[in-house]
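Right, one structure below, let's go through it.
From a predicted model like this one, the values you see are computed outputs, not experimental measurements. Computed over heavy atoms, backbone and side chain alike; hydrogens, waters and symmetry mates excluded.
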Amino acid sequence: MAFGFLEEAEFVGLSADWSNIPVEQQLLINKLIENGQKHLFLDWDAPGTSDAEKAVFLDALAKVDGNYPGGLAGYIANSRTLLAEAREGLNPFEGLTPEQPEKVDLTSFSDEFEKYEAIGAAKFDKVGVVLVAGGLGERLGYNGIKVDIAVEVLEETSYLKHYADNLLAMQAASESKRPVPFIIMVSQDTGPKTLESLEANNYFGMQKEQVYILKQELVPAIADNDGALALDGKYQLALKPHGHGDIHMLLHTSGVAAKLAGEGIEYLMFIQDTNGPSFNTLPAALGVSVANGYDFNSLAIKRRPGEAVGGLARLVGEGKEFTLNVEYNQLDPLLRATINPEGDVGDETGYSPFPGNCNTLMIKVASYVKILEATQGIIAEFVNPKYSDETKTAFKKPTRLETMMQDLPKLFGESEKVGVTIFDRMWSFSPNKNNIADAAAKYASGGPADASATAENDFYGAGRARLKAAGMLVDEGEEILILGVPFTVGPKVILRPSFAMTLEEGRRKVSGGSISGDATLIIDGADVTLENVELSGPSALVVKACAGAKVTARGTFENEGYELVTLSDDERSADSDIEEYIKIRGYKFKNRGAAVFEFNEPGEYVVEQ
Ligand code: UTP
């Protein structure tokens, strides 16, 4: 028996228990002791006391050792290095000056926009979609998983169904009809319910084999600058989330990235759990990546100065050059220290010169796989300890290493090309992150509310924009506040991806017509066309057509449509039986007589009032 270089006498209990411990775990204990973790074992009870807890503890250590490339020894070594740098207060951008990144501005629809969409649409069968959905969503405070929340409550489509619908539409639109790979990263908090939701809904029409579920694991919490693993009890390791950057490690260790590359997948689009508009941007963003040879394309919006989203900048200096997301709390000091003593302020347009990161990423698979192999997918870990005093010797509470998926370009060399594609905000970025009270406060102080109601609002807004681009006359509507969160009372338009993924497709299927007031239009089906459809509020038209059903809707439709009804305090209370995803927006819609036409058999149909 050997404990490495330490005195056996220090480990009375462990020493007595040693022969009961399996050999692999003995080796792990030795490795940990050699790596400065003897505190984990000094208090070890003699055999016969807490044996079950001890076994669970050793299993937990073995599990985290196996999950992290380089094992616990690697994790401890990385922690020490990063904690030493944090303690010295090293500026991560020392010597670098921010400049404008290479960017393509697609904030308005144009021939250029459509040119990129056409290039992207031709590649639908060469793209996979990666959804990071391991986050807890503490700010939203929703009791289930975020991807089960409805993105709109006219038909109560969940985010997961909405994403699946887009994948199905992409594959139906491609010549090869090849299923679009869908990779979902879950965590122990979100994994079981995500699977439940997929299974209960028959994978929303996708094939089970096209869906890859990767589970991110927690990492050990670190108690001090020496990388001591923290405990939550004598035999319980304290664990914390490692951040969404885990997706890179998992795509590497699972072999999925390499497999997809081998199967001819050329691009992966990374999306967040509750950003409904992500797929509006997919065709054009893919086109931009292809046309401009981008290895990494960050989708962005015009950033308001001071806004709590990262700024995308090209950082230049000391023979180096990176295009990176600079977190908003680092952007102001960086700008003050380099190009602008006023910090994070707007330029002549009123916006920050550094586009706001939507964290929707289009990554070229060939370059990605190369980087993953070189780094084992551990992408730019960082640590953010909260020190208990200025000496920076102790932490207020244990910390851990973290990673962010957008940091991948930190590992790029000269040959990798990074670009930024800027879209209109409503079209590209409307996350559902905040509960009503916080959203109202954020809105009142001039920021975006990023709540369920605004996400739904922008969902309809993007539908209106698509319809307008197709040539219909579309009212803009008027903004009201519901519990302090803005919502537009205007045409509610849902054009499902089966109907149109690109502007050109919309234009081909819509001719003339108008929609005004709080009218509603919902179209689902590849072969639906609209001819001079007239809808004025509150009238509603819903057309759903299966594959092979060719439907022409024409003329005026008049009915009582859907009524917007705000919830009473009772309805919003915890014990009301209204669905939680309705409560978190503060309103619902009542169907007062919408005209609904559904076609479940192939054939030719005309829809008129
Ligand atoms: P958010 O910043 O929204 O974090 O994550 P969150 O943890 O989900 O929510 P809060 O901060 O507790 O309110 C951005 C995206 O990254 C995913 C989330 O699911 C979301 O899609 N994420 C975040 C992970 O997949 N894993 C993580 O460890 C953290």
Ion pair K259/E209, N-O distance below 4.0 Å: no
Go through the structure and list residues passing salt bridge (charged side-chain N to carboxylate O under 4.0 Å, His left out) with R585, not counting sequence neighbours. E456
Check the pair E571, K588 against salt bridge (Lys or Arg N to Asp or Glu O under 4.0 Å), reporting the backbone distance first and the verdict last. CA-CA 11 Å; E571 285 175 309; K588 60 186 172 186; 3.1 Å; yes
Apply side-chain contact (heavy atoms from CB on, under 4.5 Å) to residues L198 and I213 and explain how you reach the verdict. CA-CA 11 Å; L198 286 166; I213 302 217; 3.7 Å; yes
Please report the C-alpha distance between S174 and D125 in whole Å, then the side-chain angles of each, then the deciding distance to 0.1 Å, and finally whether the side chain to side chain donor-acceptor pair (under 3.5 Å) criterion is met. CA-CA 6 Å; S174 75; D125 58 353; 4.5 Å; no
Per side chain to side chain contact (heavy atoms under 4.5 Å, CB included), F589 is matched among V565, V153, D518 by V153
Considering all heavy atoms of both residues, which atom of G512 and which atom of N532 are nearest to each other, and what is their separation? CA-OD1, 3.5 Å
K161/D165 ion pair, N-O < 4.0 Å: yes
Look only at the side chain of N280 and the backbone of W427, and say whether a donor-acceptor pair between them is shorter than 3.5 Å. yes
Counting C-beta onward and ignoring hydrogens, is there a side-chain heavy-atom pair between L168 and S498 closer than 4.5 Å? no
S428 side chain to D424 main-chain N or O, any donor-acceptor pair under 3.5 Å? yes
Side chain of S539, backbone of L535: donor and acceptor closer than 3.5 Å? no
K509 to F499 six-membered ring, cation-pi geometry met (6.0 Å, 45°): yes
Between atom CZ of F429 and atom CD1 of I301, what is the distance when rounded to the nearest 0.5 Å? 5.5 Å
Correct closest heavy-atom pair for I515 and V493 would be CD1-CG2, 4.1 Å
Flag, side chain of N297 to backbone of L286, donor-acceptor distance under 3.5 Å: no
For residues 142-168, the ring pair (Phe, Tyr, Trp, His ring centres under 6.0 Å) pairs (sequence neighbours left out) are H162-F459, Y163-F279
Hey, does the side chain of T190 reach the backbone of V186 with a donor-acceptor pair shorter than 3.5 angstrom? no
Look at the side chain of T454 and the backbone N and O of A451, then say whether any donor-acceptor pair between them is shorter than 3.5 Å. yes
If you count every heavy atom of other residues, nucleotides or ligands that lies below 6.0 Å from K442 atom NZ, does the total exceed 12? no
With side chain to side chain contact (heavy atoms under 4.5 Å, CB included) as the test, pick out the partner of L214 among L251, T253, D246. L251
Option from V528, V551, L467 for which side chain to side chain contact (heavy atoms under 4.5 Å, CB included) with I523 holds: V528
Under 4.5 Å between any side-chain heavy atoms of P181 and V129, yes or no? no
State the CG-CZ distance between N432 and R139, to the nearest 0.5 angstrom. 11.0 Å
side-chain contact (heavy atoms from CB on, under 4.5 Å) between M249 and I378: does it pass, once the steps are laid out? CA-CA 6 Å; M249 183 166 89; I378 299 188; 4.1 Å; yes
Could you give me the CA-CA distance, side-chain angles and deciding distance for Q216 and S187, then say whether side chain to side chain donor-acceptor pair (under 3.5 Å) is met? CA-CA 5 Å; Q216 67 176 140; S187 61; 4.9 Å; no
If you round to the nearest 0.5 Å, how far is CD1 of I379 from CG of L408? 5.0 Å
Smallest heavy-atom separation, R572 atom then K583 atom, equals O-CD, 3.6 Å
Within the structure provided, determine whether I371 and H248 are in side-chain contact (heavy-atom separation under 4.5 Å). no
Residues in salt bridge (charged side-chain N to carboxylate O under 4.0 Å, His left out) with R178, at least two apart? none
Taking all atoms of both residues into account, what is the closest heavy-atom pair of Y116 and N292, and its distance? OH-ND2, 3.7 Å
For M405 and V130, run side-chain contact (heavy atoms from CB on, under 4.5 Å): C-alpha distance rounded to whole Å, both residues' side-chain angles, the deciding distance at 0.1 Å, then the answer. CA-CA 11 Å; M405 67 174 179; V130 182; over 6 Å; no
Look only at the side chain of D450 and the backbone of N434, and say whether a donor-acceptor pair between them is shorter than 3.5 Å. no
With salt bridge (Lys or Arg N to Asp or Glu O under 4.0 Å) as the criterion, how do R554 and E531 come out once you've worked through the C-alpha distance, each side chain's angles and the decisive distance to 0.1 Å? CA-CA 5 Å; R554 60 167 78 109; E531 285 178 13; 3.3 Å; yes
Going by atom types only, do S158 and D148 share a side-chain donor-acceptor pair under 3.5 Å? no
Atom CD of Q171 and atom CD of Q210: how far apart are they, to the nearest 0.5 Å? 4.5 Å
Flag side-chain contact, heavy atom, 4.5 Å: T556 against Q609: no
Check: I578 main-chain N/O paired with S576 side-chain donor or acceptor under 3.5 Å: yes
Answer yes or no: is there a donor N or O on one side and an acceptor on the other, between the side chain of K126 and the main chain of I265, under 3.5 Å? no
Please walk me through it: do R508 and E114 pass salt bridge (Lys or Arg N to Asp or Glu O under 4.0 Å)? CA-CA 13 Å; R508 229 183 319 123; E114 295 207 36; over 6 Å; no
Residue pair M472 / V533, side-chain heavy-atom distance below 4.5 Å: yes
Heavy-atom side-chain proximity of M170 to L282 below 4.5 angstrom: yes
Closest approach of G310 and N325, non-hydrogen atoms and distance? CA-OD1, 3.2 Å
With a 3.5 Å distance limit and no angle check, can you tell me whether N201 reaches the backbone of Y203 through a side-chain donor-acceptor pair? no
Counting only heavy atoms not in E199 (residues, nucleotides, ligands), do more than 12 fall under 6.0 Å from its CD? yes
Around atom NZ of K550, are there more than 12 heavy atoms of other residues, nucleotides or ligands at under 6.0 Å? no
E504 side chain reached by E117 side chain, heavy atoms, under 4.5 Å: no
In this structure, are over 12 heavy atoms from other groups packed under 6.0 Å from K208 atom NZ? no
Starting from the C-alpha separation in whole Å, work towards a yes-or-no answer on side-chain contact (heavy atoms from CB on, under 4.5 Å) for H244 and N359. CA-CA 11 Å; H244 45 62; N359 240 358; 3.7 Å; yes
Flag the pair T281 / M362 as yes when at least one side-chain heavy-atom distance between them is below 4.5 Å, and no otherwise. no
Mark yes when over 12 heavy atoms from residues, nucleotides or ligands other than E563 sit less than 6.0 Å from its CD; otherwise mark no. yes
Scanning both residues in full, the closest heavy-atom pair of L361 with Q406 reads CD1-CA, 4.1 Å
Please state whether the rings of Y587 and F487 are parallel, tilted or perpendicular, taking 30° and 60° as the class boundaries. tilted
